[in-house]
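Numbering starts at 1 and runs along the sequence shown. Excluded from the calculations below are hydrogen atoms, water molecules and symmetry mates; all remaining heavy atoms, backbone and side chain alike, are included.
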Amino acid sequence: MILLALFQYSPWVISMILLVCMIVAVSIGLRLGNRNKERDNEDDKTTSNLIGGIFALNAFLLAFTFSMSAGRYEARRDILVLEANNIGTAILRADLYPDSMRNILMPLFREYVETRIAYYSITGDSALLNASVQKANGISGQIWQHCTAYFRQTGSMVPSNQLVPALNDMIDIVNTRQQQLYAMVPETIVMMLFVLTITSAFLAGYSNKKGRMDWPVVVCFCILTAFVIFITLDLDRPRTGLIRLDTAENSMLELRQIFK
């Protein structure tokens, strides 16, 4: 439960806690290792192999977790660009309608674009995020109703056949983008990474045969490890971390140029 509560904090806080835990684990491991006076050479060889295996397992899990975070970051960026393209396509295809219909659709499209841009600026408040999604769905629903009503009244196939598929893509991707927002690395994997990292730090101190540690080297190792895990967690939180989707968001901001 304690580890689960950690995920409510920023990656900086979690990484600092992990850094402190690693240094403490090295210190405890060193003290326990110094008390053990009964290890012979054969035991030392077996222990070294086991410790090496744990270090390798920790490195593998860290690489795996980083890969998952990077993959999810790329997926969010691609979906954001795809949504902007879908909205832009729908807006441009609205030009196929007569001016009387365009005068109804374009203000709704403008409001929809501003709603989706505002969605990106919301951080850490699920209630506001859900409210923004509901507002966007309401606007897109109005656009859909106007398009279907126009088709029933006029029977015009060309503009409807062009706009309706694009409008359908624009509506569907909202839910896809919302789901990707919550598609983070499972907490079980992150917790296992924490356990292995702290265990590795403990074993590094425990297996030291000199009875003392080169603490500048130890602290440097702990800082670098905590920093890599910070980057991994930060990639998995594009709304609240340092690594943002600002470049991809520009594609959404550029949609404002269509209305000028």
Side-chain angles (χ1 to χ4, degrees), residues 71-184 235-260:
R72 281 162 167 75
Y73 176 84
E74 293 292 333
R76 295 185 185 104
R77 185 185 64 180
D78 293 342
I79 288 176
L80 179 55
V81 174
L82 180 59
E83 181 182 14
N85 291 337
N86 289 345
I87 296 174
T89 300
I91 295 174
L92 292 177
R93 290 184 180 181
D95 289 338
L96 296 173
Y97 286 88
D99 291 340
S100 59
M101 187 63 178
R102 289 184 69 255
N103 292 336
I104 297 174
L105 295 179
M106 297 309 286
L108 290 174
F109 273 119
R110 182 193 297 271
E111 185 180 2
Y112 185 84
V113 169
E114 294 301 328
T115 300
R116 296 307 289 160
I117 292 175
Y119 174 84
Y120 178 75
S121 63
I122 302 172
T123 58
D125 193 327
S126 58
L128 290 178
L129 287 172
N130 292 332
S132 180
V133 170
Q134 292 300 321
K135 181 179 179 181
N137 289 337
I139 299 171
S140 60
Q142 294 181 51
I143 298 174
W144 180 271
Q145 290 174 3
H146 285 297
C147 292
T148 55
Y150 178 83
F151 175 75
R152 287 194 296 267
Q153 292 174 3
T154 64
S156 180
M157 295 290 295
V158 174
S160 297
N161 286 342
Q162 293 296 318
L163 179 58
V164 168
L167 188 59
N168 187 66
D169 292 338
M170 184 188 80
I171 295 173
D172 289 345
I173 203 170
V174 171
N175 183 60
T176 303
R177 184 178 173 188
Q178 179 78 346
Q179 294 303 316
Q180 278 292 332
L181 177 64
Y182 299 108
M184 298 188 296
L235 272 175
D236 208 33
R237 303 180 183 187
R239 285 185 172 274
T240 59
L242 297 179
I243 304 175
R244 305 292 299 274
L245 294 168
D246 293 334
T247 302
E249 180 64 15
N250 289 334
S251 60
M252 189 72 72
L253 296 175
E254 290 173 357
L255 291 175
R256 290 171 171 167
Q257 303 297 324
I258 299 179
F259 302 103
K260 294 183 178 180

*Would Val113 and Ile91 satisfy side-chain contact (heavy atoms from CB on, under 4.5 Å), going step by step from the backbone distance to the final call?*
CA-CA 10 Å; Val113 169; Ile91 295 174; 4.0 Å; yes

*Check the pair Leu255 / Tyr112 against side-chain contact (heavy atoms from CB on, under 4.5 Å), numbers first and verdict last.*
CA-CA 11 Å; Leu255 291 175; Tyr112 185 84; over 6 Å; no

*Could you tell me whether a side-chain N or O of Thr148 sits under 3.5 Å from a main-chain N or O of Gln145, the two making a donor and an acceptor?*
yes

*Within a strict 4.5 Å, meaning less than it, do heavy atoms of the Pro159 and Phe151 side chains meet?*
no

*Between Ile258 and Arg110, is any pair of side-chain heavy atoms under 4.5 Å apart?*
no

*asked:* For the residue pair Asp172 / Asn168, report whether a side-chain donor-acceptor contact shorter than 3.5 Å exists.
replied: yes

*Answer whether the closest heavy-atom distance between the side chains of Leu105 and Leu163 falls below 4.5 Å.*
yes

_List the residues meeting salt bridge (charged side-chain N to carboxylate O under 4.0 Å, His left out) with Arg256, not counting sequence neighbours, and say none if there are none._
Glu114

*Do the non-hydrogen side-chain atoms of Ser140 and Val174 ever get within less than 4.5 Å of each other?*
no

*Kindly determine whether Arg177 and Arg76 satisfy side-chain contact (heavy atoms from CB on, under 4.5 Å), including the steps that lead there.*
CA-CA 7 Å; Arg177 184 178 173 188; Arg76 295 185 185 104; over 6 Å; no

_Could you measure the distance from the CE atom of Met252 to the CG atom of Leu80? Nearest 0.5 Å is fine._
5.0 Å

*Reported CD1-to-CD1 distance for the pair Ile173 and Ile79, which is rounded to 0.5 angstrom*: 6.5 Å

*If you measure from CG on Leu167 to CD1 on Ile87, what distance do you get to the nearest 0.5 Å?*
10.5 Å

*Using the side-chain contact (heavy atoms from CB on, under 4.5 Å) rule, take Met170 and Glu83 through it: C-alpha gap first, then chi angles, then the decisive distance, then the call.*
CA-CA 6 Å; Met170 184 188 80; Glu83 181 182 14; 5.9 Å; no

*Tell me, do Asn85 and Val81 make a side-chain contact under 4.5 Å, heavy atoms counted?*
yes

_Are the side chains of Met101 and His146 in contact, using a 4.5 Å heavy-atom criterion?_
yes

*Centre of Tyr119's six-membered ring, under 6.0 Å away, within 45 degrees of the axis: is that where NZ or CZ of Arg116 sits?*
yes

*salt bridge (charged side-chain N to carboxylate O under 4.0 Å, His left out): which pairs involve residues 136-146, sequence neighbours left out?*
none

*First locate atom CD of Gln142, then atom SG of Cys147, and finally report the distance between them rounded to the nearest 0.5 Å.*
12.0 Å

*How many angstroms lie between atom CG of Asn137 and atom CD1 of Ile171, to the nearest 0.5 angstrom?*
8.0 Å

_So which atom in Asp169 and which in Asn86 form the shortest heavy-atom distance, rounded to 0.1 Å?_
O-ND2, 3.7 Å

_Quick one, Pro107 and Phe259 - any side-chain contact, counting heavy atoms below 4.5 Å?_
no

*Side-chain contact test, heavy atoms from C-beta onward, threshold under 4.5 Å: evaluate it for Arg93 versus Val164 and give yes or no.*
no

*asked:* Rounded to the nearest 0.5 Å, what separates atom OG1 in Thr115 from atom CD in Gln134?
replied: 12.5 Å

